[in-house]
2 protein chains.
Amino acid sequence: MNEIDTILIVDDEIQIRRLLEITLSANGFNVIHSMCGKDGLVDAATHNPSLIILDLGLPDIDGQEILKRLREWYTRPIIILSVRNSEEDIITALDNGANDYITKPFRSGELLARIRVAKRYSEINQNEPICEFGNLSVDMLNHVARKGDEILKLTSTEFALLSLFVKNSGRVLTHKFILRQVWGFGYVEQTQYLRVFVAQLRKKIEKNPSKPELLITESGIGYRFGE
Amino acid sequence: MNEIDTILIVDDEIQIRRLLEITLSANGFNVIHSMCGKDGLVDAATHNPSLIILDLGLPDIDGQEILKRLREWYTRPIIILSVRNSEEDIITALDNGANDYITKPFRSGELLARIRVAKRYSEINQNEPICEFGNLSVDMLNHVARKGDEILKLTSTEFALLSLFVKNSGRVLTHKFILRQVWGFGYVEQTQYLRVFVAQLRKKIEKNPSKPELLITESGIGYRFGE
DNA sequence: ATTTTCTTTTAAAGTTTCTGTAAAGTTATA
DNA sequence: TATAACTTTACAGAAACTTTAAAAGAAAAT
């Protein structure tokens, strides 16, 4: 618990940033600021913070868009802190991968408690923008997958599927879990999609697609990637 | 693939329970109700729901107390739904192990989205330990069993059986108990299944399957794993 | 000690469920 | 409109589960 946790704040209001800075640093966090969406994306990638607090009303790019782009590779907690109070915004943000949604004005004690909750449930998630496995590498940030030196030509669904497998290598992922992560919660029964895309992915990453060595079937449960 | 998620509602207000019932069952959940804290604790234990929605203002026991007692064993999501709006209540509940805190009156779309969030993160992070015995290890979280370094290729039934044995190593487990745990209540008389699967498991984990050293027969009673 | 009875092991056949694959149909995208 | 990506269908083959049956082993009775 001695390493300093870094929190990235993406918000254009200086007062909010100051208030957060005081609250968070008083609680042992190291704080980084970004004043717009673009900076936020860059700072997240360069500092790899252990948590991000994101405002939705940014001057350049919409916060929901930032959230989506972050979630392409960033697996640690993201807490939305916004004046927007519409149910639609909240649902969209949560389904886009936010861990929590707090409306301004906020209470700092509650914010800290919600940060603790978010960190509690994401401790396992290691977060590397580039994951490697064998001669495969997946660069979440630049959205590029390689086999050796050769760049794999993957569709976005295939890429999402491969990232999920690489991020969770060695773990058995259930059909439902994969479907929810890649396609969304409404698709958990569409096991057939998964079969089709697993077959396509195997064609592109396995030496011998009919005798898979990387993407292993766990019959009746799901799939496991790698060792 | 058609298994229904069960949600337990612990709330004394009938209107709230009705509203939740409608919202949740319309979204494919199976709903159980408890009207007081005592019933809540019992129902949680008997039904083992996949999520609990808990009110703080219960007639008998205080909700924070229920929360603490549930968290002694219940690892899946608990969402607090309460009229209490004080920061102290919120912080206490979140630190007592609640996954989220929603104040009444609530918006059902937001509630559903927050349920999705809670389920998303609890599935990954079931902090169940890795059980080991000799050179065997069973990793419940990743659903992987190993003998030394080699990954054992087990069917899901074999895996469930082995987990049960490893978790209860040294204890004599009766046929009925094992059948109930692995196959379910309706199978307690199917001793033959057990014999067949024990034989299969021995082939995969014993040095000499016909002279088992790990998975010992207790004639007329059941089996014992390890010493 | 031997026989009888009950229990367990094991193989193998029968049945069901799950998975891989190709190909056709549909939708999105440039 | 042409192209790529995604969705859906259909079916064969594989894997898992259930059932049967015979042989081996243990316990009880004589």
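Distances shorter than 4.0 Å separate some side-chain N or O of B:Thr157 from OP1 or OP2 on D:dC17. Phosphate contact (OP1/OP2 of D:dA16, side-chain N/O of B:Thr155, threshold under 4.0 Å): absent. Using a 4.0 Å cut-off, some side-chain N or O of A:Tyr193 falls inside it from OP1 or OP2 of D:dT8. Taking 4.0 angstrom as the limit, B:Ser210 places none of its side-chain polar atoms (N or O) nearer than this to OP1 or OP2 of C:dT9. For C:dT21, the OP1/OP2 oxygens have no side-chain nitrogen or oxygen of A:Arg195 closer than 4.0 Å.
For A:Gln192, taking side-chain heavy atoms from C-beta onward, the closest of the listed nucleotides D:dC17, C:dT19, D:dA10 is D:dA10. In this structure, of D:dT19, D:dC6, D:dT7, it is D:dT7 that holds the atom nearest to the side chain of A:Tyr187. Comparing D:dT8, C:dG20, D:dT19 against the side chain of A:Val196 picks out D:dT8 as the nearest. Minimum atom distance to the side chain of A:Thr217 is reached by C:dG20, of the listed D:dT19, D:dC6, C:dG20.
The side-chain heavy atoms of B:Val138 and B:Phe133, taken from C-beta on, include no pair separated by under 4.5 Å.
Between the NE2 atom of A:His175 and the C1' atom of C:dG20 there is a distance of 12 Å, rounded to whole Å. Going from atom CG of A:Leu161 over to atom P of D:dT7 covers 12 Å, rounded to whole Å. The distance between atom CH2 of A:Trp183 and atom P of D:dC6, rounded to the nearest whole Å, is 9 Å. Between the CD1 atom of A:Ile221 and the C1' atom of C:dT17 there is a distance of 14 Å, given to the nearest Å. What separates CZ of B:Arg202 from P of C:dT10 is a distance of 7 Å, to the nearest Å. Per the geometry, CG belonging to A:Leu215 stands 13 Å off C1' belonging to C:dT19, to the nearest Å. Nucleotide D:dA5 holds its C1' atom 15 Å from the CG atom of A:Leu201, rounded to whole Å. The nearest whole Å value for the distance from the OH atom in B:Tyr223 to the P atom in C:dT7 is 13 Å.
Among the heavy atoms of the strands lying under 4.0 Å from B:Lys203 are primed sugar atoms or P, OP1, OP2 only; no base atom is included. At a threshold of 4.0 angstrom between heavy atoms, the contacts of A:Val198 with the nucleic acid are absent. Using a 4.0 Å heavy-atom criterion, one finds that B:Thr191 contacts no nucleic acid atom at all.
Looking at A:Glu87, its side chain does come within 3.5 Å of a backbone N or O of B:Gly109 through a donor-acceptor pair. The closest donor-acceptor contact from the side chain of B:Glu218 to the backbone of B:Arg224 lies at 3.5 Å or more, if one exists at all. Side chain of A:Ser50 to backbone of A:Thr6: a donor-acceptor contact under 3.5 angstrom is found. Between the side chain of B:Tyr74 and the backbone N or O of B:Asn48, no donor-acceptor pair lies under 3.5 Å.
Each of A:Lys153 and B:Phe197 was assigned the nucleotide of DNA chain D with the nearest heavy atom; the assignment lying further toward the 5' end belongs to A:Lys153.
Closest non-hydrogen pair, B:Arg114 versus A:Arg114, comes out as NH1-NH1, 4.1 Å.
Looking at residues two or more places apart in sequence or on another chain, you find no side chain to side chain donor-acceptor pair (under 3.5 Å) involving B:Lys38.
Between B:Phe165 and B:Phe225, the ring planes lie parallel to each other; the angle is under 30°, not in the 30° to 60° tilted range.
Helix bend of the helix from C:dA1-D:dT30 to C:dA30-D:dT1: the angle between its two end axes, each built from five pairs, comes to 30° after rounding to 10°.
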